[in-house]
S.K.: 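Here it is, the structure, as C-alpha cells.
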Amino acid sequence: GVGTGGQRVLDNLMRALSVHAPDLVMQPYNAMADRLWTSTAWGRLLAAIWADAIFKNLLLPGWCRRHKPDVLLYALPPISFRVRNTPQVCYILDVPLETEERSIASTIYNNIYIKQSCLKADLILTISQDAAEQIVRRYRVSRHKIKVVYLCEDIKFIQQVPACAPLPGCDGFFVGIISRMNWRKNPAAYLEAFRRLPKASRARYPLLLLGAVRSLDDLRPFVSAEAIEDVREDVRCIGRVSDEQLIGYIKSARALLFPSNYEGFGLPVLEAVACGTPAVISNIPVFKELFSEVAHLYEPNDYQGMADRLSQILRDTPAPLCVEKVQSFLYRFTFNTHSERILEVLKQMNIKERREDYQ
C-alpha cells in the first residue's frame with residue numbers, strides 16, 4: 001500500500017520476470033533469511049542484532065555456489081559480497097540527498113556503504129536518467145557502468161480496479177499522496193495549493209490525503225497553523241490503504257495532486273495516467289523526463305499555479321488524453337517491456353555463460 005514503494009517495486013519486478021522469463025532461476029533470498037532466523041527465539045534475537053550481516057557476508061556466498069541462481073534478488077542494502085566470477089548488479093531506486101543526512105549513521109551508510117557497493121558492482125541498475133546522473137555525481141562512478149530500466153506497473157490490474165464509492169455530500173474529490181513526512185514529499189504544497197481554491201470549490205471537492213498523514217496536525221512542522229485551520233473542514237486524512245484502494249481513489253478523483261520536491265520515479269503519477277486521471281505535479285527533473293507529455297507540471301512552490309490548474313480541471317468537461325498517446329506512453333512501463341529490458345541487461349553481463357565458471 002501507500003508508503004511501501006520499495007516493496008511494490010520488488011513485487012512488480014518478481015511478477016514481471018516470473019511471467020515473461022519463466023526459464024530464469026530467481027531466488028529472493030531475504031524471504032529465506034526470514035525463515036532461517038525467525039524459526040527460534042534465539043534466531044529472532046540474532047536477527048534483531050547481527051544475523052542478517054552474517055547471512056549476507058558468510059552464508060550467502062556459499063549458498064550462491066551451491067544453488068547457482070541466474071538472479072539472486074537481494075532486497076536488502078546493496079553491500080557487495082564477493083563471490084568469484086559471480087556477476088553483481090547494484091539496483092538503486094533513488095540517491096539519498098546530502099541535505100537529509102543528519103546523523104553519523106546515515107552519512108556512513110550513504111558515503112561508504114552504498115558508494116563501495118556501486119564501485120564494486122559489475123553494473124548499476126537504476127530507474128531514470130535523472131537518477132543515473134545523480135549516482136555519477138554522488139558516488140563518482142562511470143556513467144557507462146549504469147543502465148536505466150524504467151519501473152513497471154500492472155497496467156491491466158490498474159485498469160480493472162473499480163472506482164471507489166462517491167463521498168457523501170460531495171460532487172467529487174482531489175487526491176494527494178504523502179508516503180513519508182519529510183522535505184522530499186513537500187507536504188506543505190498540498191494544503192497551500194488546495195487552500196487557494198474558492199471556499200465553495202473546496203467544500204464540493206475536498207482533498208483526500210493518503211499515506212503517512214493520520215491527521216492535519218501531523219503537518220504542523222511543515223505548514224502554518226493558519227493554513228491548517230483554513231482547510232480543516234475540507235481535507236480528509238485517509239491514512240495508509242491497500243494497493244487496490246489506492247487505485248480506486250486515484251481512478252475516482254478529479255485530479256491527482258503530487259507536488260514532491262524530489263522523487264526517484266513517481267509511481268502514483270504513472271498510476272494516474274493509467275486511470276485516466278489528470279495529474280498536477282511538480283516540475284522536478286525526473287517528472288520532466290517521464291511525465292511532461294501526460295501531466296501538468298508546476299514549480300514545487302507555485303501554489304497558485306497548481307490551484308489555478310485544479311480550478312480549470314473542475315470547470316472543464318473531462319477530456320481524455322489521446323488513446324494512442326496514452327497507450328504508447330504506458331507501453332514503456334508494462335511488465336513485458338520491463339522484463340525484456342532486464343533480460344537485455346543480464347545478457348550483456350553474460351550471466352549464463354559466467355555461471356559455468358563457478359559450477
Side-chain angles (χ1 to χ4, degrees), residues 1-31 69-75 89-94 123-132 146-162 177 179 241-251 256 258 263-277 279 286-287 289-291 293-295 321 323-349 351-352:
V2 175
T4 56
Q7 185 61 48
R8 292 170 67 200
V9 170
L10 178 63
D11 290 344
N12 284 341
L13 173 62
M14 283 283 291
R15 292 170 61 197
L17 290 177
S18 64
V19 170
H20 297 283
D23 59 333
L24 193 67
V25 180
M26 295 178 292
Q27 299 290 343
Y29 101 85
N30 58 310
D70 288 324
V71 174
L72 186 72
L73 291 179
Y74 185 33
V89 177
C90 184
Y91 191 12
I92 297 182
L93 300 183
D94 57 30
L123 183 142
I124 300 169
L125 199 63
T126 193
I127 56 180
S128 69
Q129 299 295 338
D130 177 62
I146 305 173
K147 300 293 183 183
V148 173
V149 178
Y150 290 147
L151 297 183
C152 61
E153 269 287 4
D154 191 342
I155 304 300
K156 291 182 179 179
F157 166 76
I158 291 175
Q159 295 175 340
Q160 291 171 358
V161 170
I177 300 173
S179 59
V241 296
S242 68
D243 290 346
E244 186 168 359
Q245 290 173 318
L246 169 66
I247 299 303
Y249 279 117
I250 293 176
K251 186 170 289 187
L256 168 73
F258 201 66
E263 289 286 341
F265 187 87
L267 281 175
V269 186
L270 175 58
E271 291 161 343
V273 177
C275 291
T277 300
V286 68
F287 286 174
E289 173 189 339
L290 297 170
F291 306 119
E293 296 182 357
V294 293
L321 292 169
V323 174
E324 292 80 6
K325 183 178 182 179
V326 171
Q327 289 179 341
S328 175
F329 171 81
L330 293 176
Y331 178 77
R332 294 185 290 166
F333 309 101
T334 62
F335 280 6
N336 186 41
T337 302
H338 187 72
S339 301
E340 289 177 354
R341 180 62 176 147
I342 291 287
L343 293 175
E344 178 186 336
V345 169
L346 297 182
K347 184 178 180 181
Q348 292 173 359
M349 295 180 68
I351 289 286
K352 292 185 181 295

S.K.: Is any side-chain heavy atom of Phe333 closer than 4.5 Å to a side-chain heavy atom of Phe265?
M.R.: yes
S.K.: Mind listing the side-chain donor-acceptor pairs of residues 151-162 below 3.5 Å, one per line with the distance, residues two or more places apart or on another chain?
M.R.:
| unit_1 | atom_1 | unit_2 | atom_2 | d |
| --- | --- | --- | --- | --- |
| Glu153 | OE2 | Arg8 | NH2 | 3.2 |
| Asp154 | OD1 | Phe157 | N | 3.2 |
| Asp154 | OD2 | Arg15 | NH2 | 2.5 |

S.K.: Just by distance, do the side chain of Thr277 and the backbone of Leu256 share a donor-acceptor pair under 3.5 Å?
M.R.: no
S.K.: My understanding is that only residues two or more places apart in sequence, or in another chain, count here; which of them pass side chain to side chain donor-acceptor pair (under 3.5 Å) with Thr337?
M.R.: Thr334
S.K.: Would a 4.5 Å heavy-atom cut-off, applied to side chains only, mark Arg341 and Lys147 as touching?
M.R.: yes
S.K.: Between Gly264 and Ser128, what is the shortest heavy-atom contact and its length?
M.R.: O-OG, 3.6 Å
S.K.: I need the minimum non-hydrogen distance between Phe291 and Gly266, along with the two atoms involved.
M.R.: CZ-O, 3.7 Å
S.K.: So Ile177 and Ile250, do their side chains get closer than 4.5 Å, heavy atoms only?
M.R.: yes
S.K.: Check whether any side-chain heavy atom of Val269 sits under 4.5 Å from a side-chain heavy atom of Leu290, and report yes or no.
M.R.: no
S.K.: Minimum heavy-atom separation for Leu17 to Ser339, with atom names?
M.R.: N-OG, 3.8 Å
S.K.: Can you see which heavy atom on Ile127 is nearest to which on Tyr150, and at what distance?
M.R.: O-CD2, 3.2 Å
S.K.: State, to 0.1 Å, how close Leu125 and Val149 come at their nearest heavy-atom pair, and which atoms those are.
M.R.: CD1-CG2, 3.5 Å
S.K.: Report the residues that fulfil side chain to side chain donor-acceptor pair (under 3.5 Å) with Asp94, sequence neighbours left out, ordered by chain and then residue number.
M.R.: Arg184
S.K.: Mind checking the CG-CG spacing from Asn12 to Leu267? Nearest 0.5 Å is all I need.
M.R.: 7.5 Å
